[in-house]
Amino acid sequence: MNPNPVDSGFSIATLFIAGKACRKDNMEKFTVKNGKKLKYGFTTGSCAAAAAAAAAAMLFSGEKVSEAEVILPAGEKTTMQVSEIDIGKGTVCCTVIKDGGDDPDATHGAEIKACVSKDPISSGTLAETRDRITLLGGCGIGIITAKGLQCSVGEPAINPVPRQMIFENVQRIRRKYGKEKEPLYIEISVPCGAEIAKKTYNPRLGIVGGISILGTTGIVDPMSEKALVDTIKTVIDKQYQENPKRILIAPGNYGREFCREHLGLDIAKAVPISNYIGEALDYIKFKGFEEILLVGHTGKLIKLAAGIMNTHSSYADGRMEIIGMHSAVCGADCDTVKAIAECITTDEAFALIQEKNYYEEVKARILEKVLYHLHFRLKGQVKVETVLFTTDRNHIMKSPGADRLAEMIRKDMKQI
């Protein structure tokens with residue numbers, strides 16, 4: 001899950017060039033997006049596994065190390081630098097600084113700390129035990145308080161793949177020193193995790209007190225759309241646990257006042273799907289929801305009338321073309337269509353035709369097309385209603401069942 005989603009359109013080419021930083025003996029990995037060379041980074045899961053492996057190696061060898069080799073989920077090996085070491089009686093703690101590469105991630109630069117001990121550690125929260133290795137979450141690691149996430153309620157937010165990485169890399173060190181049967185206790189912590197978490201989705205997801213230890217590949221793809229979509233899916237998972245029948249989605253929190261006054265809904269409680277309308281609809285269908293209410297500004301959602309399912313401007317625009325074309329079909333003259341084409345905002349374009357006798361017909365046609373493409377994407381498996389509004393609230397398009405569904409969602413929210 002990317003804690004700080006941003007909009008990004010890109011074309012990808014991957015290359016490797018010589019470099020240092022975290023990868024001391026590897027080739028540094030880059031990607032090219034929007035004509036810029038961007039460096040890949042490492043997930044919090046990779047950093048936690050590296051810190052734990054380094055601490056385990058020092059615990060068994062009695063010798064300090066300055067770096068740790070970690071094996072990533074795909075089998076790739078990389079070497080990370082150890083920034084801090086604290087050696088005590090029967091316990092070693094190591095810190096790795098998270099390098100997120102060129103990804104705008106709130107956890108970039110965070111201290112990921114692992115303490116490995118031969119004796120039980122009483123300060124952390126139990127994640128799980130495998131092969132006589134007990135994993136705990138310490139300070140700065142969030143605690144799960146809501147169902148529908150990858151970890152169970154009450155557990156520290158160390159996701160399944162990072163857990164696997166930690167166990168496998170520490171077990172590898174244990175085998176190296178012939179200590180396979182010796183019990184070990186590992187506590188992962190992030191000293192500033194509670195503060196960092198305020199910049200992430202964690203509070204909204206029901207993860208309190210810190211960040212999550214995340215990652216599925218161990219590598220952070222800079223400006224990754226996958227990370228953004230994965231975040232959206234995580235929020236949808238949580239909503240499904242609360243109500244598997246109906247879901248409220250919106251590009252973001254914009255229009256909160258409108259939604260409260262016109263629909264009686266708090267848009268802040270909607271799943272924020274950003275520009276990824278298509279991906280969100282696909283996953284909602286996969287989860288098995290029965291009904292969707294999609295609410296948003298015409299500046300984004302009107303693009304759906306042309307079947308544009310990623311509403312970021314770097315992919316496609318078409319707003320004025322949509323309004324202009326439907327206005328022309330409904331009787332607008334050439335001068336009006338030309339004026340619409342020169343508009344900057346949808347508010348401005350609709351204002352041009354607001355006094356025309358075809359104004360309502362234009363809105364009806366656009367709404368019909370929006371619904372057509374929503375239904376087509378969902379293949380008729382999920383009912384969908386939508387509400388589109390302009391900044392000035394003068395031009396509203398609302399599907400026939402939107403008010404009914406909004407009322408049902410209001411009732412659902414009161415029961416949660």
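Count residues from 1 along the sequence. These numbers come from a predicted model, not from an experiment.
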Does a side-chain heavy-atom distance below 4.5 Å link [X] with [Y]?
X	Y	result
L72	K77	no
C47	T44	no
H373	M309	yes

So how far is it from [X] [atom1] to [Y] [atom2], rounded to the nearest 0.5 Å?
X	Y	atom1	atom2	value
T134	R132	OG1	CZ	11.0 Å
I322	I308	CD1	CD1	5.5 Å
S66	M80	OG	CE	14.5 Å
C343	K338	SG	NZ	13.0 Å
R174	L184	CZ	CG	5.5 Å
I186	C93	CD1	SG	11.5 Å

Could you give the side-chain donor-acceptor pairs of residues 364-372 under 3.5 Å, partners two or more places apart or in another chain?
from, atom 1, to, atom 2, distance (Å)
R365, NE, H326, ND1, 3.0

Looking at [Y], is its backbone amide N or carbonyl O close enough to the side chain of [X] to form a donor-acceptor pair, meaning the two atoms are under 3.5 Å apart?
X	Y	answer
N202	A197	no
R393	T391	yes
T345	E348	yes
K363	I396	yes
D131	I133	no
D99	F42	no
T390	D347	no
S274	Y276	no
R410	L263	yes
R319	I344	yes

Quiz item: How far apart are the closest heavy atoms of V337 and A328, and which atoms are they?
Solution: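 Scanning both residues completely, I find the closest heavy atoms to be CG2-CB, 3.9 Å.
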Quiz item: Closest approach of A52 and A114, non-hydrogen atoms and distance?
Solution: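 In this case the closest contact between A52 and A114 is N-CB, 3.4 Å.
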Quiz prompt | Stepwise side chain to side chain donor-acceptor pair (under 3.5 Å) test for T336 and D333 | solution = CA-CA 5 Å; T336 300; D333 58 31; 2.7 Å; yes
Quiz item: Would R130 and R163 count as a side-chain contact (heavy atoms from CB on, under 4.5 Å) if you check the C-alpha gap in whole Å, the side-chain angles of each, and the deciding distance to 0.1 Å?
Solution: CA-CA 10 Å; R130 300 186 198 176; R163 291 188 189 194; 4.2 Å; yes
Exercise. Would you confirm whether the ring centroid of H395 sits within less than 6.0 angstrom of the ring centroid of Y359?
Key: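 When the ring centroids of Y359 and H395 are compared, they turn out to be within the sub-6.0 Å range.
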Quiz prompt | Sequence neighbours excluded - side-chain hydrogen bond (donor to acceptor under 3.5 Å, both in side chains) pairs with any residue from residues 184-198 | solution =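 Output for this query lists S123-E187, E195-K198.
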Practice problem: Answer yes when R260 and D266 have at least one side-chain N-carboxylate O distance shorter than 4.0 Å, and no when they do not. | Solution: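 Answer for the salt bridge query: no.
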Exercise. Report the C-alpha separation of R404 and E291 in whole Å, then their side-chain angles, then the decisive distance to 0.1 Å, and conclude whether the salt bridge (Lys or Arg N to Asp or Glu O under 4.0 Å) test is met.
Key: CA-CA 11 Å; R404 172 198 62 81; E291 292 186 284; 2.6 Å; yes
Quiz prompt | R172/E168 under salt bridge (Lys or Arg N to Asp or Glu O under 4.0 Å): CA gap, chis, key distance, verdict | solution = CA-CA 6 Å; R172 175 173 54 83; E168 288 183 351; over 6 Å; no
Quiz item: Looking at F289, does the NZ or CZ of K285 lie under 6.0 angstrom from its six-membered ring centre and within 45 degrees of the ring axis?
Solution: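 Ring-cation test returns no.
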